[in-house]
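All of these numbers come straight from a predicted model, not from anything done at the bench. These numbers come from the heavy atoms of this one structure, side chains and all, not from hydrogens, waters or symmetry mates. Position 1 is the first residue of the sequence; numbering continues from there.
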Amino acid sequence: MEEQITARQFHLSSGVESWRVTDGGACAYFRIGSFTMGARFVQAVATLPGLDAHAPDIDLRPDGVLVRLFTFAPAPDGLSRLDLDLARLISE
């Protein structure tokens, strides 16, 4: 079971400045500029380690990509260290 963290702990962490905690999960919108570049961004995210066990929700839009991270257990919605680590990787 992953260690749960609070929204405050998430926001106080380094490397996640463009992320916001809403509705029990962490969200970030990456303004990419074009649908094609957004698809490349999604492909890059898809190659990050550990996604088979903890995949993000991704919404590809014409000018950017919305990414949402959350952990199901033990609560229905929440944040864990996995979400924090993945947010940092995506932001890089």
Separation of [Y] [atom2] from [X] [atom1] (nearest 0.5 Å):
| X | Y | atom1 | atom2 | result |
| --- | --- | --- | --- | --- |
| H11 | E17 | NE2 | CD | 11.0 Å |
| T6 | L12 | OG1 | CG | 8.0 Å |
| L48 | L89 | CG | CG | 5.5 Å |
| H54 | L69 | NE2 | CG | 6.0 Å |
| T71 | L82 | OG1 | CG | 6.0 Å |

So which heavy atom on [X] is nearest to which on [Y], and how close?
| X | Y | result |
| --- | --- | --- |
| A87 | V16 | CB-CG1, 3.7 Å |
| L51 | P56 | CD2-CD, 3.6 Å |
| F30 | S18 | CE2-OG, 4.2 Å |
| R68 | T22 | NH2-O, 4.1 Å |

Practice task
Begin from the C-alpha positions of R31 and D63 and carry the test side-chain contact (heavy atoms from CB on, under 4.5 Å) through to its verdict.
Solution key: CA-CA 6 Å; R31 208 167 279 290; D63 64 345; 3.0 Å; yes
Practice task
Please report the C-alpha distance between D23 and F70 in whole Å, then the side-chain angles of each, then the deciding distance to 0.1 Å, and finally whether the side-chain contact (heavy atoms from CB on, under 4.5 Å) criterion is met.
Solution key: CA-CA 9 Å; D23 231 8; F70 56 94; over 6 Å; no
Exercise for the section: Give a yes or no on whether L60 and L66 share a hydrophobic cluster (residues Ile, Leu, Val, Met, Phe, Trp, Tyr; joining criterion: side-chain heavy atoms under 4.5 Å apart). Expected result: no
Please check: side-chain N/O of [X] versus main-chain N/O of [Y], any donor-acceptor pairing under 3.5 Å?
| X | Y | value |
| --- | --- | --- |
| D83 | S80 | yes |
| Q9 | A7 | no |
| R88 | S14 | yes |

Exercise for the section: Check the pair L79, V21 against side-chain contact (heavy atoms from CB on, under 4.5 Å), reporting the backbone distance first and the verdict last. Expected result: CA-CA 9 Å; L79 292 169; V21 176; 3.6 Å; yes
Handout entry: Check against side-chain contact (heavy atoms from CB on, under 4.5 Å), D59 and Y29
Key = CA-CA 9 Å; D59 183 0; Y29 187 77; over 6 Å; no
